[in-house]
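For reference, the structure is listed below as structure tokens.
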Amino acid sequence: MPHHPFKNNQLKPNINAGMKYFLLIIMMAVITITGYRWFDSFGLTGISMLYLLLVVGFAYYSTALLSVSVAFLSFLCINYFFVEPRFTFQVSHVASWTSLLSFLIVSLLISSLVKQLKKKSFQSEQAYQRAELSRKLAEILAYAEDVQVMLNNCAELLQKGFKKPVSIINRQIAQSSHHQLTKQEQEAVVWANANGKPIGPHTGNWPQSDFWVIPFNRLPDVNYLLSGEPVVFVSQVSDLESEETLNAIKLLTDQIALAYRHQIQKQRALTAENLAHEEAIRGALLASIAHDMRTPLTSILGAATTLNQSEITVSGEEMQRLTTIISSQAKHLAITTENILSLIRLESISKDTISMSLQSPEEIVGVLADLYKNQTNSPRLSINVNQADLLISANHDLIILALTNLIENAKQANIDNHHPLAPIGVAVGEAVDGKIYIQVSDDGQGFIEGFDSSQIKKFESSHNKGFGLGLSIVEAVAKLHHAELTFEKGANSGAVVSLRFAKPVIDLHHDR
């Protein structure tokens, strides 16, 4: 049998009762001596009021039996010490009898009323505390996002509210680190869940137990060890515990159980949604690969087959056209593959793992211009450095990667809008708010009104071909640099896409 916390405290009620009797004797003696000493000043009425105050005090702070005893003792003291003839229990006048009986009746009546008032006051205070406890519990359940955290917070709140150790225990038996269950308690938890019934005093089940076990599920669960819901386990429960306390805990347990089931269903739905989303992404990726890679592969295969057929005579001009097709389509496939690999790499690293150093945006743009200068069929770049000697904290290679994708997007936008020879603007400068920007502009159709980085979607492209990964790569680079990615309309038409960086804090005293 588990340890019963009240077995070692059986002397406490006797000690409290002894203190009350001792206090009663002292106060009776003080009132009697005071009344006897200043009887002429107080009179019989004044002394009766003093004893009546004593009766009221003990009626509120002690048991009904003791308060009645105080009323009778006060009646006898008044009769013996202050009613003629004194120091006897005889009464010589009818008026004295009237006063004594009136005192006794009023004392008993006030004792009864005070007891009722105390009971009502206690019930009202208890109802308020239970309502406040229910309100706090509702707050925890309303804002809960994690099941385990919710159960731990609920157990802590119940423990404070009922002043008893409370644990919410799952089928693994030990959910709270501070409460180690005995073998009997473990059996009680399993029994309560298997039968869907509470255990402990006032429940009719295991009534000699010094704990309550209240299952979430009030229906029998024969598969509890595999699928059972948690239980509320309340220890240090005595035989004197009221049934109202048990009912209050059961009511709160029902609240927690309802929220628990809601959270479990929410988690299951979220898991299913995530799985469906992942499947949709895989489907989109496969569809994009099937659509966007089939065309260039077909072109390459067709051109190569034509060149490989010995029976067909290919002119020099036709051979150049076919090799150009193979080269351009292979380049498209290479760029697409590199973009996919770049995005995978970017999404797998964290902000703390990339190498950052002070970089000059002007120099980065210069390197970018050199890269395109050496390429065939490269777009025409219009470089505009509005302010020199600017510095940003960045990874040089990642910024080049992002700008290259922006330029490729701008180039395609110009082609789609029938401006293939229009220059692509690349500008560097410092904005009014102190941010340092590198922006790329084009003469295409631009983005829709209100477009921002939250609307960027992988594997979706507005162009005739491509995976739509360019902006996703730029967004990933921006996040790694804590930079802003903004989209604006150009002065005449087209779009202006900007990477905006915070000014770096430069330590002039740093040992280089």
Side-chain angles (χ1 to χ4, degrees), residues 327-328 331-332 334-336 338-339 341-343 345-346 354-431 435-444 446-447 463 466 469-478 480-481 483-504:
S327 176
S328 64
K331 182 180 178 182
H332 170 64
I335 291 173
T336 298
E338 183 59 34
N339 280 344
L341 294 175
S342 296
L343 188 59
R345 284 195 298 267
L346 287 171
I354 63 172
S355 174
M356 296 278 202
S357 60
L358 292 178
Q359 300 288 337
S360 167
E362 182 181 5
E363 291 180 6
I364 290 175
V365 170
V367 172
L368 192 67
D370 289 338
L371 285 175
Y372 277 96
K373 189 184 299 181
N374 299 324
Q375 290 183 10
T376 57
N377 197 26
S378 64
R380 192 156 53 95
L381 301 182
S382 174
I383 308 296
N384 183 15
V385 180
N386 297 321
Q387 186 175 343
D389 302 326
L390 294 174
L391 292 174
I392 60 173
S393 178
N395 181 285
H396 180 277
D397 295 335
L398 291 181
I399 299 300
I400 291 290
L401 174 65
L403 294 176
T404 302
N405 277 277
L406 287 178
I407 290 172
E408 292 299 323
N409 275 11
K411 176 183 174 182
Q412 189 64 45
N414 284 347
I415 294 173
D416 291 346
N417 205 34
H418 308 293
H419 293 95
L421 300 179
I424 295 171
V426 180
V428 173
E430 183 175 350
K435 294 285 182 71
I436 298 170
Y437 64 82
I438 307 176
Q439 61 188 28
V440 176
S441 58
D442 60 58
D443 287 341
F447 295 94
H463 306 314
L469 295 177
L471 288 181
S472 296
I473 291 172
V474 177
E475 181 194 22
V477 172
L480 289 171
H481 286 79
E484 295 178 32
L485 178 60
T486 62
F487 301 86
E488 301 171 291
K489 199 166 186 63
N492 300 316
S493 63
V496 179
V497 184
S498 303
L499 283 168
R500 292 160 46 86
F501 302 85
K503 270 188 176 180

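Just so you know, residue 1 is the first one in the sequence shown, and it goes up from there.
Here Leu391 contributes atom CG and Phe501 contributes atom CZ; the two are 12.5 Å apart, rounded to the nearest 0.5 Å. With values rounded to the nearest 0.5 angstrom, Leu368 atom CG is found 4.0 Å from Ile407 atom CD1. One distance of note links OG1 of Thr404 with CG of Asn409; it measures 11.0 Å at 0.5 Å rounding. Taking CG from Asp443 and CD1 from Ile424, the interatomic distance works out to 9.0 Å, rounded to the nearest 0.5 Å. Note that the CD1 atom of Ile399 and the CD1 atom of Ile392 stand 5.0 Å from one another [nearest 0.5 Å]. Distance CD/Glu475 to CG/Leu480: 10.5 Å, rounded to 0.5 Å.
Side-chain contact between Leu499 and Leu485 is present, with heavy atoms from C-beta onward closer than 4.5 Å. Contact check for Leu406 versus Leu471: side-chain heavy atoms found under the 4.5 Å cut-off. Between Ile383 and Val385 there is a side-chain heavy-atom pair separated by less than 4.5 Å.
Of the candidates Val440, Val474, Val367, Leu398, Leu403 forms a side chain to side chain contact (heavy atoms under 4.5 Å, CB included) with just one, namely Val440.
For the pair Pro423 and Asn414, the tightest heavy-atom approach, listed with the atom from each and the gap, is O-ND2, 4.2 Å. Closest approach of Arg500 to Ala431, counting heavy atoms only: NH1-CB, 3.6 Å. Scanning all heavy atoms of the two residues, the minimum distance from Ser498 to Glu488 falls at OG-OE1, 4.2 Å.
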Report all side-chain donor-acceptor pairs from residues 356-365 shorter than 3.5 Å, counting only partners two or more places apart or in another chain.
{"residue": "Ser357", "atom": "OG", "partner": "Gln359", "partner atom": "NE2", "Å": "2.8"}
{"residue": "Ser360", "atom": "OG", "partner": "Glu362", "partner atom": "N", "Å": "3.4"}
{"residue": "Ser360", "atom": "OG", "partner": "Glu363", "partner atom": "N", "Å": "3.3"}

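Looking only at distances, a side-chain donor or acceptor of Asp442 sits under 3.5 Å from a matching main-chain atom of Ala495. Judged by distance alone, the side chain of Asn395 and the main-chain N or O of Ser355 form a donor-acceptor pair under 3.5 Å.
Taking Lys503 as the reference, Glu430 meet the salt bridge (Lys or Arg N to Asp or Glu O under 4.0 Å) condition, with sequence neighbours excluded.
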